[in-house]
Each structure stands twice: as structure tokens, then as C-alpha cells.
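Counting starts at 1 for both ligands and their atoms, following the listed order.
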Amino acid sequence: MIFRVGSGIAIAAALLLAVTVFGKAGRQSGSNPDGLEVLQLRPNFYMIAGAGANISVQVGDDGVVIVDAGAASKADSVIAAIKKITSRPIRYVIDTGADADHVGGNAALAKAGQTLFVAGGGIGLPADFLAGGASILAVENVLRRMSAPTGKTAAFPVDAWPTETFQQPRKYMYLNGEGIEVLYQPAAHTDGDGIVFFRRSDVVVAGDIFDTTRFPVIDVAKGGTVEGEIAALNRLVDLAIPSVPIVSREEGTLVIPGHGRVCDQLDVVEYRDMLMIIRDRIRDLIKAGRTLEQIKETSPARGYTRRYGSDRGAWTTNDFVEAVYRSLAQEKR
Ligand SMILES: [Zn+2]
């Protein structure tokens with residue numbers, strides 16, 4: 001399988017980000033200043049890596065649709081990279097979640113864009129609607145988080161907030177000649193995750209539900225749950241079609257994770273299976289009356305820690321085990 005680093009996983013782990021991100025051979029990629037990598041995945045579809053979360057870019061006659069805006073500090077470089085791809089204006093920024101490395105560039109990217117909703121367009125909006133910038137679309141809880149007056153994370157300025165939100169399971173648009181679906185996942189990484197499916201490009205943007213660089217971040221304090229995370233991964237599996245029956249063509253649906261390399265359906269299946277195995281181990285230990293500390297001592301993530309684990313940083317193996325434990329403990333109540 002070309003999309004997967006495959007049997008070279010151990011080697012790949014030691015390679016540079018650029019190599020792991022672009023595990024698939026034969027895709028055009030280009031380096032930009034500021035360490036950004038731009039990868040063309042389809043004739044009208046690109047991915048930008050190195051600006052925080054992976055940034056997806058769909059281009060066409062209607063303009064540019066972006067999924068995830070990356071970190072605020074990289075926004076100018078991202079805008080420059082998009083301008084190298086196309087001269088058409090950014091129309092939409094869709095956020096898969098409310099984390100700073102996904103929404104940090106919202107304000108700058110929206111401002112660099114141009115609204116589709118111009119005066120006289122027949123929908124009755126004033127000319128200065130959104131101050132003329134691109135729309136920012138996300139599930140309702142993303143706005144709730146970003147606009148919270150105080151909290152653990154810094155509040156975002158008003159011009160970074162979503163201008164369009166929804167709470168239903170599916171929000172759709174038809175732009176640049178294809179259907180775009182944003183599918184609300186209510187309790188996975190957090191309570192505000194959106195999967196974005198580009199139906200004609202056949203690309204699914206997963207956000208932090210799927211992160212090939214580490215164990216899934218299940219943010220229990222923000223409404224994430226292990227069962228919701230598994231359900232969301234199953235949703236990704238269901239949306240994607242692998243290269244069958246002609247496996248040698250190495251085609252199929254592309255799945256863009258929140259962080260890490262471009263994947264296919266089988267990669268998501270493996271990631272989901274890993275999570276289910278670890279969940280089952282922890283659930284059995286809880287049933288056997290073990291405490292969290294005792295459970296940590298049994299290394300329930302064994303077999304996967306070399307690939308996904310970490311002893312330090314923002315999301316350690318112990319953080320992950322604890323999140324699964326707390327999520328399952330919550331469930332029992
Ligand atoms: Zn992220």
C-alpha cells in the first residue's frame with residue numbers, strides 16, 4: 001500500500017516529518033518558506049502540513065474551501081502558500097474542532113478571503129456582511145468554546161469565531177462542483193468534532209479524531225469519550241472505500257488526519273482496532289476492581305506504545321490510559 005509507510009513503520013518513525021507526512025510516493029509536493037509542505041492529492045485538492053494541524057485546501061471556480069486554519073503564528077505563510085496554488089479567493093474556512101492549532105489561523109484566513117454573500121446576490125444580506133471576508137463554519141460547540149469568556153485555554157478574538165454554526169448530524173454545501181458534508185461527531189475527541197467529506201474529490205478530513213502521530217486525544221473534560229471516539233472512527237471507515245478489488249492500483253478514498261501523514265481506509269481500521277483492544281483491556285481491569293494506578297502499572301497500551309506512545313509532552317501514554325479509564329468510569333454511572 002503506497003499511502004502507508006507500511007512495513008517501514010519503525011524506520012519511518014525515525015525519519016523526518018516531511019517523509020512521514022508524504023509516505024505516498026508519486027504525489028507532487030513542494031516546500032515553502034517557513035517549513036510548510038504543500039502536497040497535491042487530487043487535481044483540485046491540496047494538503048498543507050507544518051502549520052499546526054494539517055490544512056486541507058479544495059480549489060475551483062467558486063474559490064477556495066479550507067478545512068482547519070492551522071496555528072495563528074503560521075497564518076501569513078499559509079495564506080502565501082494558498083496564493084501559490086490559486087489566485088481565487090478563500091470562501092470558507094471549516095473548523096474540525098476548537099483547538100488552537102486548528103482555529104488559530106481563522107481570523108487571518110477569513111480576512112484574506114472574500115465572502116460568497118455579496119449584496120444583490122439575492123439572499124438579502126448587507127454588503128458588509130462578515131466585513132467581506134470568508135465564512136467560518138463549525139459545529140455549535142466550537143463557537144461555544146472559542147467564545148467562552150475565560151477558561152483554561154485563551155479566549156479567541158471575535159473575528160476568529162465561526163460565523164456559521166450547526167448542531168444537526170450533517171451540514172452540507174455544494175461548492176466547486178462537489179458536495180461537501182460536515183458530519184458532527186458529538187462525543188469523540190471533544191463534544192465539538194466535525195468530519196468533512198468531499199464527495200467528488202473522495203477525500204475525508206478527520207480532524208483530531210484521527211492522529212497518526214499519537215494515541216487519540218480523548219479530552220474527557222471537554223466532552224470526549226472513548227465510545228464516541230470509536231464511533232467516529234467507524235464513521236470514517238464507513239465513508240472511505242479502499243482500493244478493491246484491484247488492490248495494485250493503490251487508489252481509494254484519502255483520509256487526512258488532524259496530524260500526521262495522509263492515510264487510507266485500512267489505516268483507520270488499524271487505528272480503531274488498536275483503540276478497541278486497549279479499551280477492552282482497561283474495561284476488564286475496571287470490572288476486576290483495579291484502581292487507575294494499578295491499571296497504569298499493567299501497561300494496557302502495550303504493543304502500541306512504540307508507535308503512538310510518549311512519556312512526555314502534551315499527551316502521554318498515561319494521559320491516554322487515564323482518559324479511557326475516566327470515560328469508561330463515567331459510563332458506569
Ligand atoms: Zn490537533
Side-chain angles (χ1 to χ4, degrees), residues 17-18 20-21 35-37 39 47-57 66-75 77-78 93-109 136-139 141-146 151-156 160-162 182-196 203-226 228-229 232-233 235-236 254-263 267-268 271-272 275 307-310 312-317 319-320 323:
L17 173 76
T20 51
V21 166
L36 300 191
E37 293 281 343
L39 181 63
M47 180 179 114
I48 301 173
N54 287 330
I55 298 172
S56 301
V57 182
I66 308 283
V67 184
D68 283 334
S73 61
K74 299 279 190 176
S77 307
V78 170
V93 177
I94 305 173
D95 293 327
T96 61
D99 295 343
D101 54 340
H102 295 248
V103 303
N106 272 7
L109 265 64
I136 303 172
L137 173 70
V139 301
N141 280 344
V142 170
L143 175 60
R144 206 165 55 80
R145 282 255 143 65
M146 292 181 69
K152 274 204 295 190
T153 50
F156 292 90
W161 296 359
V182 190
L183 306 165
Y184 177 32
Q185 307 301 301
H189 160 60
T190 67
D191 59 11
D193 302 308
I195 290 169
V196 188
V203 176
V204 187
V205 185
D208 278 353
I209 288 164
F210 184 36
D211 183 341
T212 66
T213 67
R214 54 187 176 175
F215 288 117
V217 179
I218 300 167
D219 194 336
V220 177
K222 290 181 182 167
T225 68
V226 66
E229 170 71 22
L233 289 168
R235 194 75 198 274
L236 293 173
L254 300 178
V255 182
I256 299 182
H259 305 265
R261 67 195 165 75
V262 180
C263 291
D267 295 307
V268 186
Y271 196 76
R272 177 206 59 192
L275 180 58
R307 188 165 173 190
Y308 298 115
S310 175
R312 62 184 80 88
W315 189 244
T316 63
T317 304
D319 290 338
F320 165 64

Which residues share a ring-ring contact (aromatic ring centres under 6.0 Å, His included) with Y184, sequence neighbours left out:
none

Sequence neighbours left out, what passes ring-ring contact (aromatic ring centres under 6.0 Å, His included) with F320? Give chain and number order.
F215

Any idea which heavy atoms bring L36 and V78 closest together, and the distance?
CD1-N, 3.7 Å

Between I218 and G224 the two heavy atoms that sit nearest each other are CG2-C, 3.7 Å

Minimum side-chain heavy-atom gap I55-I66 below 4.5 Å
yes

Those residues at least two apart in sequence (or on a different chain) that pass ring-ring contact (aromatic ring centres under 6.0 Å, His included) with H189 are none

Listing by chain and number, what protein N/O/S atoms are under 2.8 Å from the Zn ion (ligand 1)?
H102 NE2, D208 OD1, D208 OD2, H259 NE2

